[in-house]
Every structure is written in C-alpha cells, then in structure tokens.
Number of protein chains: 2
Amino acid sequence: MARILSGKEVVQAMAPGLKERVQGCVEAGAQPTLAILRVGENPSDLSYERTACKRAEALGVGIRSIVLPANVTNDQLLDAIAQVNADESIHGCLMFRPLPAGLDEAAACAALDARKDIDGISPASLARVFTGAGYGFPPATAQACMHVLDHYGVQLHGARVVVVGRSLVIGKPVAMMLLARNATVTMCHSRTEDLAARCREADVVICATGRAKAFGAECFAPGQTIIDVGINFDEARNLCGDVDFDAAEPIVGAITPVPGGIGTVTTSTTMEHVIHSCESALGIA
Amino acid sequence: MARILSGKEVVQAMAPGLKERVQGCVEAGAQPTLAILRVGENPSDLSYERTACKRAEALGVGIRSIVLPANVTNDQLLDAIAQVNADESIHGCLMFRPLPAGLDEAAACAALDARKDIDGISPASLARVFTGAGYGFPPATAQACMHVLDHYGVQLHGARVVVVGRSLVIGKPVAMMLLARNATVTMCHSRTEDLAARCREADVVICATGRAKAFGAECFAPGQTIIDVGINFDEARNLCGDVDFDAAEPIVGAITPVPGGIGTVTTSTTMEHVIHSCESALGIA
C-alpha cells in the first residue's frame, strides 16, 4: 500500500501563506490579479478556467477574463497581449494553449512580458529555468511537482530521478529544477530503450508523457515515489493519469493520484506566481 | 585497446568544407571575421588566442583582436561589446572568460548580440539550446563533442549517455543536444551518489568536471565511448583531461585524448559558427 500524495493536502497547506501574502499586497496598494487569456471555447480550457477562478476567489486573487473568438488574427492576439503587458493592474497572464490552428503560438508566447508570464511560456522564462539567471517563473506544472515532493519530504539531494517526457511545459523544466536541487536526473522519452528498466532504477519517477495508463507494474519498484503529471481519459472516458494507478499503487512507496494530485496543486502554484509578481511590482517581494 | 578518437582527424575532415564556405562568403562580398575580446593578459587566454588565430588563418577567417586592460570598467567593456554588435564587418565574437574580478560577466554576456555570440554565452543562445526555438549558437565545446561523436559514427539514438558536470559552458548544453538526438541522458555532478556506477551503466560518458584525472578505472566498462572535455594540469604540470587516460584506455571501446581531443575540435567549431553567422548576414546560410 503506497502513501497517497494528495494534492488537496498540499493546496490546503499553501493556502494560509498565500492568503496572507495577498493581504500584504492589498495593504501595500494592489490586489494580485490574473488575466486569463482564452481564444475560442475549448471545453478543457473552460474547465480549467472555472477551476482557476474558484481558487483565485478562495485566495483573494482578482481575475480578468479576456476572451477572443477562435477566428482571431495574429495581430489581434498580439494586441491583446500588448494590452496585458501595459496594464499595471494585471500581474500575471495565463494564456491557454494550444491556440487554435493558424495562430503563431511561438510569437504569442514570446510577446508576453516575462514579469507577467506566470506559466513559464516565454523564452526569457525558460532561459531562467535553464540558466538559473535572469527573471522568470517556471511552468506552473513543473513547480507543482516540486511543491508536492517538498511537502511530503521526498529527498531529492543525491536521489536518482527519472523524468519521462521532454516537453517544455513539464519534462525539460522539471528536470532542470530537480538538477538544481542536486538530484541525479535521467531524461527519458519515447525513444528510450527499455524504459521500464530505467524507471525501476529510480528513487523518484516523474511521468509526463500524456499517454493514458502507459506506465504499468513493470515500470515500478518498492519504495519509489511516483509523480503522475498526466491528465488523460481512459477507454471508459474516466479521468486518469499516465500511470496505471491500480497496478502501481501496490508496488511503490508513494504516488500522486489523478485526479487529485499534481493538477490540483498547479492552480495554487499559478496563483502563487501571480502573488509573487504583484509583490515584485510593489517592491515587497 | 580503445579506439583513439583523434580531434585532429575531425579538424582535418571539417577543413575542406569550411574553406569552401569561407570562399562562398568572400564571393558574396564578405570575409567571415571573428573578434577576439580579451581583458587582461591571462596566459591561458593568450594561449587559446594563438590557437584560434592559427586555425582562422588556415581557414581564411579574419581576426580582429580587441584587448582591454585588466582594470577596464564595466562601462568600457559594454562599450566595446556595443561596438562589436554595431560593426557589420564582424560576424562573431569570442570573449574570454572568466573576466577579471569586479567585472559584471552576466551583463557582458547578455550584451552580446545573439547573432554574433558564436560561443553560446548569451541568455538568448542558451534559451535556443534549451527550447530548440529562436536563434543562437550552442557553446563551441558542446558542439565539438557532437562533432566528434558524429565523425566517428557513435550511435546516439536510444543510447544511454551520462554527462558528468552541469555547467552552462558544457554539461547542460551538451545534455540538451544529446536529448535532441534521442539519447537517454543522465545528468550527474558532484552530489551524485555512486558516480562510478552511473558512469559504468552508460554507452557514452561525457566527462566535464574540470578535475584532473578524476575518472579512474572504476568508472568505465567495455565498449563504452568516453568523451573527455577536461583541460587540466596534473602534478607533473603536464596537460591532462578529467579522465585517467592510462586507466581507462585498456577498458573502454573508444576515448578522446587530452591534448588532441575535444579542445582541438572546439577551435574549428568556433570558426564554423563564425562562418555560419557570416552566411546568415549575407543571406546565403
């Protein structure tokens, strides 16, 4: 029986400190405010937006919804981003991706002011994750993994960590963050040979492939900590992770559930970044 | 008896193509030209400068030497970099580091135009290495490792590669370049537990710690390819690598010597970047 690393517990532990920091911002003259920039009416974007709004409300973070039609032009999108950059009452911007086909996502990401890029999508933010220098936030999901590992006291210094998946949203940035914490990090992916063996060798496995229940019993060993970043649907159309939870849970030492794991913490992490950005703008960070 | 991966052989293989490209630039109206920006009279900088000048001359690349006194101010250094950026007849700039104490090295690196940053020291260049997007060259030493691996036909796709050392000059960028080639990459460092075992598990080991002969027989296994990035001096004041060559060579399948390995190829790689930058400026890349 593995220890279940509940995201809700982490969120509850983060909340009092975040509320206090919001209060500090308000007293210093500004309410931390998140702009949510959505293009079109993608159901998963709408679902995430509802979750974000609820969490923002609970913490006292303001929300500014910016909705553009799915047939918006690149210029109109860049105009909207320029307005976000210029608006001093907005401290962070969450832009849902992928953008509808035809829009230049790279240009949109690069256009966002790194100080307001609370989800680590701009080149400057990613350069910060890679080099440790400059200014910028890591992607919220990568930071959420670190929060869960830290909350549950998982040792990273000297630990062997396998990260499966090399996206810029999660795999590569979380690998850099783990490396900065002195873990020995192995980056695996779809071309890795004998992936199951690589996973079994690790103290901590970060599963971030986006393939439903792709990690079965053969991937796990006793005592491991498993962080499941996936948010997928299985054949029965139930929400599930990258890990076959029922197969892994009897083997490993600790595991995050889906739902109720990393995704839950990601929203709080987004708010944390907005609050930090507001504190920086106020000079009280 | 390991196969010796001679840097000289790689340099000789690169030379005809590079000379032809220089000729192409000249015919299109510009001689590829490298500015060497040196602050003070550090003997190792002077030694590298002589090597670079010789290689440039052999390939037909122009050299512009910019020498500033060791007591230069930050403003004077930034002025010199601004002049390099503005000078259309300069296509690349090699700035020796570390800079003398008291100078703001991060600011100097960030000031260099990414198009002329042929050694991957600016945040934009490093962001390119991390994200694969944007414009910029990787650090020449990291690219030299890839050239040696490719020249000798070392399989990277699906291979297990251990990179020891996590600097921005070599460890982190070469890890990203290997990942882009579909290797399974483990990033090790001074805090890695049982480093020798991690090294023995790999198909390819990149040794980049800067500690003379730190990798002994216990780190190696038959059939491995060893890339030794170190340039150090041993107790007898002889040039040596990070690897104890005499201990490793009887065990492994292939190994780069020091001197005569990666360092030799780095200079040619620097010239290749200058030529590429000139081709880009001419619109013939």
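The sequence lines fix the lettering, A, B, ..., with proteins before strands; numbering per chain opens at 1.
For the pair B:Leu179 and A:Arg166, the tightest heavy-atom approach, listed with the atom from each and the gap, is O-NH1, 2.7 Å. Contact between B:Phe130 and A:Lys172 at its shortest, heavy atoms only, is O-NZ, 2.7 Å.
Of all residues spanning residues 188-206 of chain A, those with a heavy atom less than 4.5 Å away from chain B's heavy atoms are A:Cys188, A:His189, A:Arg191, A:Thr192, A:Glu193, A:Arg198, A:Glu201, arranged by number. By a heavy-atom distance cut of under 4.5 Å, A:Pro123, A:Leu126, A:Ala127 are the residues of residues 99-127 of chain A near chain B, going up by number.
Using a 4.5 Å cut-off between heavy atoms, B:Arg160 touches chain A through its side chain atoms alone. Heavy-atom distances place the side chain of B:Leu168, and not its backbone, under 4.5 Å from chain A. A:Ala159 does not touch chain B: none of its heavy atoms, backbone or side chain, sits under 4.5 Å away.
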Practice task
Apply side-chain contact (heavy atoms from CB on, under 4.5 Å) to A:Thr186 and B:Val185, showing your working.
Solution key: CA-CA 5 Å; A:Thr186 299; B:Val185 182; over 6 Å; no
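Summarising the local packing, CZ of B:Arg97 is surrounded by more than 12 heavy atoms from other residues, nucleotides or ligands at distances under 6.0 Å.
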